[in-house]
Amino acid sequence: MADLGIGIVGAAGRMGMALARAVSEAEGCRIVAATERSGHASLGADIGSLAGLDALGVAVTDATSSLFAAVDAVLDFTAPQATAAHGVFASENGTILVTGTTGLEQNQQAAIETAARSVAVVQAPNFSVGVNVALALVEQTARLLDEDYDIEVVEMHHRHKVDAPSGTALGLGHAAAKGRGVSLDTVAERGRDGITGARERGTIGFASLRGGDIVGEHNVVFAGPAERVEITHRAGGREIFARGAVRAALWAADKPAGLYSMADVLGFNG
Ligand code: NAD
């Protein structure tokens with residue numbers, strides 16, 4: 001079977017470069033095209049050289065429409081507005097879309113869901129295998145422990161991260177809420193400052209730390225009477241997300257239109 005043709009949007013970004021390395025290492029796929037936003041200093045550069053590899057003969061352009069027309073699957077870790085636009089390009093061109101961009105507003109998320117009616121879309125707040133195991137454990141733990149155990153999600157990321165809490169922290173919150181049989185929207189406590197009053201029973205709290213070059217750390221605390229259960233994931237490098245995204249694209253190659261998660265890709269959903 002021919003290799004899956006991959007397009008990388010946001011090619012000069014931290015994840016874009018990790019994706020280029022991951023596609024080059026993987027069997028069954030190859031980079032066919034790459035984009036960056038208009039005016040970016042990396043336009044015209046070879047994506048292999050940008051990512052610290054040998055040149056791959058694929059220049060970075062800002063021609064999004066041509067990229068979607070030329071490839072089988074697009075890997076998108078960019079920015080919310082760009083990702084919503086990429087959803088439209090994917091459905092117009094019948095292209096698989098694998099997207100990890102976080103911080104999408106409701107209307108931007110709606111654009112992704114619309115695309116998923118005509119093409120296979122894999123969307124995950126975190127593409128690492130370990131975090132997806134943590135998500136399953138958090139849901140299960142929240143199911144087993146009652147509201148005597150206060151749930152707090154603490155995350156820390158590098159100083160350049162623009163959204164908070166992280167998409168993964170929110171994913172962990174959703175998993176905990178699901179385990180408790182409630183909706184996260186009704187129990188989330190996303191910011192404390194000043195005289196907040198005592199903690200409300202049943203809420204799920206979030207705290208975000210930013211600094212240095214930390215790729216991503218997440219800790220879900222179940223703080224009960226005289227004991228505490230904690231589920232922690234520490235990312236050692238961006239390659240864990242990039243490898244997961246490539247795996248998702250290969251998995252999606254023969255899937256019908258739909259919105260899939262990393263749990264689907266890993267077979268955690270049965
Ligand atoms: P980054 O800022 O280093 O890279 C984003 C790149 O996208 C930039 O180079 C930017 O110029 C480019 N871009 C923006 N608009 C574009 C457009 N219209 N067309 C083409 N390129 C465009 O950020 P990053 O650290 O690589 O993270 C990117 C996104 O991925 C963030 O939302 C981050 O939270 C998310 N992320 C998700 C996971 C996951 O597993 N789901 C893991 C890491 C990061």
Side-chain angles (χ1 to χ4, degrees), residues 3-64 66-68 70-83 85-86 89-90 95-103 122-131 156-163 166-168 210-217 234-250 262 265:
D3 279 356
L4 194 72
I6 302 258
I8 298 179
V9 290
R14 284 175 286 262
M15 277 304 298
M17 292 186 281
L19 290 164
R21 293 189 288 270
V23 175
S24 304
E25 281 166 15
E27 303 267 323
C29 56
R30 68 193 167 86
I31 304 173
V32 172
T35 63
E36 254 302 337
R37 64 182 158 71
S38 300
H40 195 281
S42 300
L43 292 177
D46 185 278
I47 187 171
S49 317
L50 264 185
L53 306 165
D54 290 340
L56 294 170
V58 176
V60 177
T61 75
D62 60 0
T64 313
S66 322
L67 174 138
F68 274 86
V71 306
D72 302 310
V74 167
L75 308 181
D76 168 21
F77 290 63
T78 54
Q81 211 182 346
T83 293
H86 291 149
F89 281 112
T95 317
I96 295 163
L97 181 65
V98 174
T99 180
T101 306
T102 59
V122 184
Q123 183 183 34
N126 195 304
F127 276 86
S128 95
V129 175
V131 160
M156 183 157 189
H157 282 84
H158 55 89
R159 60 167 71 101
H160 303 290
K161 187 161 177 63
V162 295
D163 53 319
S166 71
T168 302
R210 294 285 174 269
D213 59 357
I214 292 173
V215 174
E217 296 188 359
R234 293 196 180 90
R238 285 187 177 77
E239 61 268 29
I240 58 173
F241 314 125
R243 282 193 204 121
V246 173
R247 184 164 167 176
L250 291 164
M262 202 52 194
V265 174

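All values below were derived from every heavy atom in this structure, side-chain atoms included, with hydrogens, water molecules and symmetry-related copies excluded. When a residue number appears, it is its place in the shown sequence, counting from 1.
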To the nearest 0.5 Å, how far apart are [atom1] in [X] and [atom2] in [Y]?
X: R238; Y: R21; atom1: CZ; atom2: CZ; value: 9.5 Å
X: S128; Y: R243; atom1: OG; atom2: CZ; value: 11.0 Å
X: I240; Y: N126; atom1: CD1; atom2: CG; value: 6.5 Å
X: R210; Y: R159; atom1: CZ; atom2: CZ; value: 13.0 Å
X: E239; Y: L19; atom1: CD; atom2: CG; value: 11.5 Å
X: T102; Y: D163; atom1: OG1; atom2: CG; value: 3.5 Å

Looking at every heavy atom in both [X] and [Y], which two are closest together, and how far apart are they?
X: A235; Y: F241; value: CB-CZ, 4.0 Å
X: S24; Y: I31; value: OG-CD1, 4.4 Å
X: M17; Y: A12; value: CE-O, 3.6 Å
X: L250; Y: C29; value: CD2-CB, 4.1 Å
X: A242; Y: A18; value: CB-O, 3.5 Å
X: H157; Y: S166; value: CE1-CB, 3.4 Å

Side-chain polar contacts of residues 40-54 - donor-acceptor pairs under 3.5 angstrom, sequence neighbours left out - could you list them?
from, atom 1, to, atom 2, distance (Å)
H40, ND1, S42, N, 3.0
H40, ND1, S42, OG, 3.4
D46, OD1, G48, N, 2.8
D46, OD1, S49, N, 3.4
D46, OD1, L56, N, 2.8
D46, OD2, L56, N, 3.3
D46, OD2, G57, N, 2.7
D46, OD2, V58, N, 3.2

Practice task
Mind telling me whether F77 and F127 have parallel, tilted or perpendicular rings, with 30° and 60° as the class edges?
Solution key: tilted
Problem - Evaluation steps, side chain to side chain contact (heavy atoms under 4.5 Å, CB included), between V98 and D76 - result: CA-CA 6 Å; V98 174; D76 168 21; over 6 Å; no
Non-hydrogen side-chain atoms of [X] and [Y] separated by less than 4.5 Å:
X: R247; Y: V265; value: yes
X: H158; Y: R14; value: yes
X: T61; Y: S66; value: no

Practice task
Give the intermediate values and the outcome of side chain to side chain contact (heavy atoms under 4.5 Å, CB included) for residues H86 and T99.
Solution key: CA-CA 9 Å; H86 291 149; T99 180; over 6 Å; no
Exercise for the section: Kindly determine whether L75 and V23 satisfy side chain to side chain contact (heavy atoms under 4.5 Å, CB included), including the steps that lead there. Expected result: CA-CA 10 Å; L75 308 181; V23 175; 3.9 Å; yes
Exercise for the section: State whether a side-chain donor-acceptor pair under 3.5 Å links D62 with T35. Expected result: no
Handout entry: Under 3.5 Å side-chain donor-acceptor pair for T78 and T83
Key = yes
Practice task
Give the C-alpha distance, both sets of side-chain angles, the deciding distance and a yes or no for side chain to side chain contact (heavy atoms under 4.5 Å, CB included) between V74 and I96.
Solution key: CA-CA 6 Å; V74 167; I96 295 163; over 6 Å; no
Exercise for the section: Kindly say whether D72 contributes a backbone atom to a donor-acceptor pair with the side chain of T95 at under 3.5 angstrom? Expected result: no
Practice task
Please say whether more than 12 non-hydrogen atoms of neighbouring residues, nucleotides or ligands are located less than 6.0 Å from CZ in R234.
Solution key: no
